[in-house]
Amino acid sequence: MTLSRIAPYLQATPLTAILAAFLVLPIATIVMVSFWDYDSIQIFPAFVFTNYEESLTSPVTWSTYLNTLKYTVIVWAVTLLIGFWVAYYLAFHIRSATMQMVLFLVCTIPFLTSNIIRMISWIPFLGRNGLLNQTLMTMGLIDRPLEFLLFSDFAVVLAMVHLYTLFMVTPIFNTLMRIDRALIEAARDAGANGFQILTNVIIPLAKPGIAIGSIFVVTLVMGDFITVRFMSGGQSASVGLMMANQIALLQYPAAAANAVILLVLVLLLVGAILRIVNIRKEL
Amino acid sequence: AQNPITLRQFGTGVSNLNAIAEKCKADLGITLQMTALDSDAVSQRVVTQANSFDIADIEYWICKKVFAAGTLQPMDVKKIKYYDQIVPIFTTGKLTPTSTIAQGTAPSTVGFVEGPESKTFAKAPTEWMTLIPTIYNADTLGIRPDLVGRPIKNWKDILDPAFKGKTSILNIPSIGIMDAAMICESAGIIKYGDKGNMTKAEIDVTIDFLIKTKKAGQFRAFWKTFDESVNLMASGEVVIQSMWSPAVAAVRSKGIPCVYQPLEEGYRAWGGGLGIAKHLKGAQLDAAYEYINWYLSGWVGAYLNRQGYYSAVLSTAEKNMSPDEWAFWMLGQPAKTDILSPEGKVMYTAGAVRDGGSFEQRMGAVACWNSVMDEDRYMVRRWNEFIAA
Amino acid sequence: MNSERRGPGFYVLTAFFVLFVLFLYGPMTTIFILSFQGPNGGLTFPMNGVSLRWFENLLFEQQAVGDFGGAFSRSLMLGIMTMLTTVVVSLLAGLAFRRRFLGAGPLFYLAIASLIVPSILISLGIGLAFNVFGLEPAWYSSGFGAHLTWTLPFGLLIMFAVFNRFNPAYEEAARDLGATPWQTFAHVVLPIILPSLIGVGLFGFTLSYDEFARTLMTSGSFNTLPLEIYGMTTNVTTPVLYALGTVTTVFSMAVILLALAVIAVLRKRRARRLAG
Amino acid sequence: MTKAAEIELIEVTKRYGPALAVDAVSLKIPAGTYCCLLGPSGCGKTTTLRMIAGHESVSSGDIRLGPAVVTDLAPAKRGTAMMFQSYALFPHLDIVDNVAFSLKMAGVAKPARRGRAMEMLKLVQMDHLAERRPAQLSGGQQQRVALARALITDPQVLLLDEPLSALDPFLKIKVRQELKKLQLQLGISFIHVTHSQEEAMALSDLVVVMNGGRIEQAAAPREVFNRPSTAFVARFMGDHNVLAGRVSRVAEGNATFEVPGGASFTVPDTEGLEAGAPVEIAVRTDRIRLGDGAAPGCGLTGLVQNIEYHGQKVQVALAAPGVDEFAVQVPETAFFAAPLAIGDAVPLAWTAQDVHLLKPSPAA
Amino acid sequence: MTKAAEIELIEVTKRYGPALAVDAVSLKIPAGTYCCLLGPSGCGKTTTLRMIAGHESVSSGDIRLGPAVVTDLAPAKRGTAMMFQSYALFPHLDIVDNVAFSLKMAGVAKPARRGRAMEMLKLVQMDHLAERRPAQLSGGQQQRVALARALITDPQVLLLDEPLSALDPFLKIKVRQELKKLQLQLGISFIHVTHSQEEAMALSDLVVVMNGGRIEQAAAPREVFNRPSTAFVARFMGDHNVLAGRVSRVAEGNATFEVPGGASFTVPDTEGLEAGAPVEIAVRTDRIRLGDGAAPGCGLTGLVQNIEYHGQKVQVALAAPGVDEFAVQVPETAFFAAPLAIGDAVPLAWTAQDVHLLKPSPAA
Ligand SMILES: Nc1ncnc2c1ncn2[C@@H]1O[C@H](COP(=O)(O)OP(=O)(O)OP(=O)(O)O)[C@@H](O)[C@H]1O
Ligand SMILES: Nc1ncnc2c1ncn2[C@@H]1O[C@H](COP(=O)(O)OP(=O)(O)OP(=O)(O)O)[C@@H](O)[C@H]1O
Ligand SMILES: [Mg+2]
Ligand SMILES: [Mg+2]
């Protein structure tokens, strides 16, 4: 009796310990260090607000956050659009479960290639003399290479969409699969056309999946630094990149302050999304 | 086979070569475990993970930042066999007794500390050396002669509207700012008191100018790593950009014309060196010295020279190179036979001349070194602003 | 749903899906094709001949810089460690969450937080914490922990899904038949959820094997494979990089296909045993 | 509401790949009929209903509703409305919006459609819970909302797939009375799928017994119960004993047949019978007397296998050579006046009029 | 197997937080009894069964099995075995291993335990499918395997939670006969939870009718059906009409009461009755005659609300002032000789002996 009462505590201990050691403690450290001081060589324990002050009063911070939010919104919208239709196609138009599995696997296989390699492989494709420009020129569609394809916001968004769409597809596919097919027949019986079924039944019922996918995409984009650096050719900034630069220059307290701000922002965004759904119920 | 000790060395991919580790194992029996990182990670490792390495292969400008962290120990020059033969740039700072010390974080200014426990850099050579120089070079603009279509003479040529959207500079603040300074000065935007140690006002002028240029669309990209610069150039994304000499060689090795263009204002130089971790002692410390002495003893020097870099002790390197190689690489003379890379691939055919002339011409025309300024923190902030603009 | 006839929507969406797949595979095929560059080929088109030079170079020759083999074996080890730990810890936690216990809510949200805190922040935090506490980061300590903060929440969520669908009557039946709690677990619960556990394991392995941002500041002296690849991108200008991409992809695909094949064979064998 | 219309299936067939789910079914359901499709699991009831509704395409054959052939029309264009097995209420909409859904689809303005929906909810006495979500309702309440949602489209035919199966037995009886009342009130046809013969008998004007994708019998419940056309129907409806054997002799006005064990029985009918042909008869369990005195070929002696108390009746199951199952219903009082025990040998008798000759099954 | 033992619940209570699921239930089940726990959804049947099995702790009270108090014993130590509602067969084990599971847990060697398991499978006639997995069996087959698995532990009492609910109606009837046969053969007690009164009556020696966590009546099926102790039992068992009102007059040997609408009825019993007190009576639906000639207080006139064909009987539902529901069962032949239609006014009569006085419900 008593053993069964303490059993859940024992069972939860490893998870708690790992999260405490590798999540809570590090974040606490970040918060602590964000109040430390530093010069070009070293960081010292202190309690100063300069890191926050510098961050929050600097127009760079603001424009960087704005830029990051811009990426977030665009990538979110595009992945949602693509992710929804792909999930919809798999869930409603593919009838055999085996075929669904196969096509789903087909979508996941590219994710087995290292992210970095996948990203840099866009460069020969999109470059000035890349595959795409050359094809378009051979076909006579353009007479000068399109410059915006690479080292631009377009390239950043493209690569992020490429990297993150699956995070949208999976949860939406999951919720769509759980929609009782009778509901769709009931809607059709009530005279709804395809579009009305979509807007009145499927989308409302897919909301939890959309929310979970959105959480993934939003957090991934907000924290990204490598894609932005590679694909913008170093020409654009993101919060992650700013932090990475600060870390590179050993400006840990400034990076930590930025990290805290980023964390707060991400938590706010996720909190807002979570108001719409209860994830635990959706599992 | 003599020494069963393992040393963990890390540094950038430029000099952290497996060939060196293999040769070291063969010659000394010391096992070198090499880890190659990008320059950001290198400086972080040195500062934050003191016990994760035995030998750090770092750049001099980073040394200025990281040595104060106390994770490296100064080396006793008495134990360095070839100390006297090290190129004087690293000791006195002057290539020849008459040359001036270039602006920026010249290696000699951070090359020595005052004592075995000290973290203060000494003004003149002492017995305690921070880093043993490994490789160094003087950088300039690389160009695609087939695509620029005009002679390039000055750093400011990168601003030519004809190259709009086809230029690039380096996005490592401490290095990029020096490129920018060379450009600004050349274009007559500003005359610096000391490029290597700008005032806030000078930083502002420089960055504002960069931002303006960026917004006008002059740059195609900013590169951070060796390969990025190679790919930018090789794929024709840019036709003129600041570059490293082996990167130019790499482009050329793909059969693409690329020239490392000497400029009137001179070069921006850089150098790297080996530092010994604080925690090393006893047999390991001895092995580290043994390794460093071997490093300077010629084989490595020749190996590095053959890549277009320069090595610290020229005399020992010369003995490990053929006269023709020496003449080609160090004296700037036309090659009499085909010049091979260390891997044995033909890099230059007979008759070729290396860009930039002889060692003296090159290293004698250094206008500045990569540097860490007093206003570093401010500069980095403004640099980020430039990137974010 | 009219079961036989396909509307125009089907064809439009099929086209869309095909485009999406092409989009996904486009860069991969670039890598794949370029990895067969000729000996003098570069990282970009056009192809400069066709050869297996770069695979040879990758697999049988020493690279100028770096230690691909070491990085690969470290990533493999780390992946396996992460996989095993993820399976065990999320299984235990999943079991814990089946009952009510004090702090269940906060622990759940902590796990969710672990999922949504940007990777670079975790990496920075762990790096800093090790620094502040004077510990030595290494791929098998701090790196391992950093990976767990990424794989455990996924594992836990999967276990939630599994146990939400697990019929407790199985356990009661076992108890009724005289099984001790341990026997119930070993002979009933475990075999029934085993497929999901394998799924958690494979998932954990893949996540860890390809994790970059969280490893960046936590791997200590030696590189994991993604870091090594990242390092390679900074100094390798030959298609050996793409050869590496092709090889790692083929490797992961082989692992998955093998797993699928094993499952298929087991199934067939059972079917045969039944028929026989 | 005077829209009631006749519905007709003409050789309707449904194939799933090589499998025949519904096999050339023809059926005419007059306007205003309560029709039950009855049969064991997998016999094709749901498929038939869904083809009428338009949710399943017809492989061959035609469906007529009133004068129009609706075989290829969209579900909402047919004048049918469907109530789904587990009700299929939209979980994200409250009750009024569920009921108003079809009006919304048709573009009716919000106040108007909610007004109409409230009327329908009043009809099924659910107006007081209009604001709730489906998850907050009991099974019976959900059922009524689903009904309201189906009826708001003013259909000529309402199709119901096992509408009572989710309810507990107590509620089932109440709700089926409501269904019947509503059908009478609206005057339209209901087609109701069930696999409970009790439900089918209690509700319908027309019982359609299906088996293996074919119709075994389509008739009024009383006809089906009293004159099951095949052995399958007799067994499925219950309360019938089926005896099967081969005809040994055909005389004027009657015939005799033998079961494998040797006993022989009389059939007071000779239609289609000839010596040596297989034959099946049914005798209702409540028409059998305990005790001696059977006319020749109208009785047997069985061993009691099982005794079940059914309230007013006691059902005694017996076995005899060649007759595996034979049940007798004895009125409660009579049984307890002279109780039987398992293992007792009991003589049984019936009259020749109670023997009902069965036809071979079309599905066979 | 002569291990049959008496089972006794003594004031057994189960609380879930503040809610009472089972409220001080006391019950004695003699050895070798087939006992059915019957009641509507949520009345506490499953909870009671699970407390007996040991899968649910007892909040207060005691459970005795034979001479031993088993309240705090582990499930496997009690001498009970449970068959779960959806059978809970282990999906990863084949049929033999499922049945042999308890022996494996006890450490019996493989050949021995598989041998015993095959014996049990033979008992339930499932030995030919021993190698299959549960998913490859039909509902009825699974049910038999579950039975074998429970019986292999040689229990004194077998507990069954709605063992027939997953089966289709046709199969239900066959399988319940098998259950009964097995219980007789083994001689142990079966406690069987159901919410079908028909199932309970057909199977049990002892019917326990529960409502709101309490026992309304525990008696032989015939007793429960003929003399339901409360209005709840009468309604739940069906085939009873309940009339409720207040006593207006108590005379010798009988009393009179009035329903709210004004009609008054006679009760041939006065036990516990006094003027002004509430009173309820039950009259069986098959004891009511159609037509005039009712003795005073033994009849009413109702309007026909609904007519249901039940095969041998036709059930007519009527309403009268103060009497919402009143049903009459008319034999089929009689009904169709003079059919009624909905809306007809029909006089009804019964005899005073058919009136059964009900007691107030303990749950109220
Ligand atoms: N989508 C489908 N694909 C293939 N076969 C199907 C499909 N739907 C039904 N069937 C088959 O068609 C036959 C009839 O199925 P249907 O659902 O109409 O039976 P039913 O009478 O409604 O049974 P139940 O009482 O179990 O609901 C069955 O054999 C079933 O297996
Ligand atoms: N674990 C629990 N926690 C809280 N309340 C419970 C729990 N289990 C059962 N109950 C409540 O106890 C009461 C009795 O439940 P029980 O399952 O015994 O009913 P039942 O008679 O078996 O009903 P059914 O016929 O629906 O199975 C119900 O009101 C139910 O809501
Ligand atoms: Mg069906
Ligand atoms: Mg229950």
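Quick note on labels: first sequence line is chain A, next is B, and so on, each numbered from 1.
- Closest approach of Val201(A) and Phe90(D) over heavy atoms only: CG2-CE2, 3.7 Å.
- Using modelled atom types, no side-chain atom of His55(D) and backbone atom of Ala182(A) make a donor-acceptor pair closer than 3.5 Å.
- The two residues Asp180(A) and Ser86(D) have their closest heavy-atom pair at OD2-OG, 4.1 Å.
- Put simply, of Ala53(D), Ala76(D), Ala150(D), the one with the most heavy-atom pairs under 4.5 Å next to chain A is Ala76(D).
- Contacts between residues 101-115 of chain D and chain A, counted as heavy-atom pairs separated by less than 4.5 Å, involve Phe101(D), Ser102(D), Lys104(D), Met105(D).
- Surrounding NZ of Lys207(A) are at most 12 heavy atoms belonging to other residues, nucleotides or ligands under 6.0 Å away.
- Looking at every heavy atom in both residues, Leu89(D) comes nearest to Leu183(A) through O-CD2, 3.3 Å.
- Glu185(A) pairs in a side chain to side chain contact (heavy atoms under 4.5 Å, CB included) with only one of the listed residues (Met82(D), Glu56(D), Arg50(D)), which is Arg50(D).
- For Arg78(D), no part sits under 4.5 Å from any heavy atom of chain A, backbone or side chain.
- The two residues His92(D) and Leu205(A) come nearest to each other via the heavy atoms ND1-CD2, 3.5 Å.
- In this structure, chain A has no heavy atom under 4.5 Å from any part of Ala74(D).
- Heavy atoms closer than 4.5 Å to chain A are found in the side chain of Phe84(D), but not in its backbone.
- Closest of all the heavy-atom pairs between Asp189(A) and Pro75(D) is OD1-CB, 3.8 Å.
- Here side-chain hydrogen bond (donor to acceptor under 3.5 Å, both in side chains) pairs that include residues 213-226 of chain A, with residues two or more places apart or in two chains, are Trp76(A)-Ser214(A), Tyr164(A)-Asp224(A), Asp224(A)-Thr227(A).
- Neither the backbone nor the side chain of Ile152(D) comes within less than 4.5 Å of any heavy atom of chain A.
- If you tally non-hydrogen atom pairs under 4.5 Å between each of Pro204(A), Ala190(A), Gly191(A) and chain D, the highest count goes to Ala190(A).
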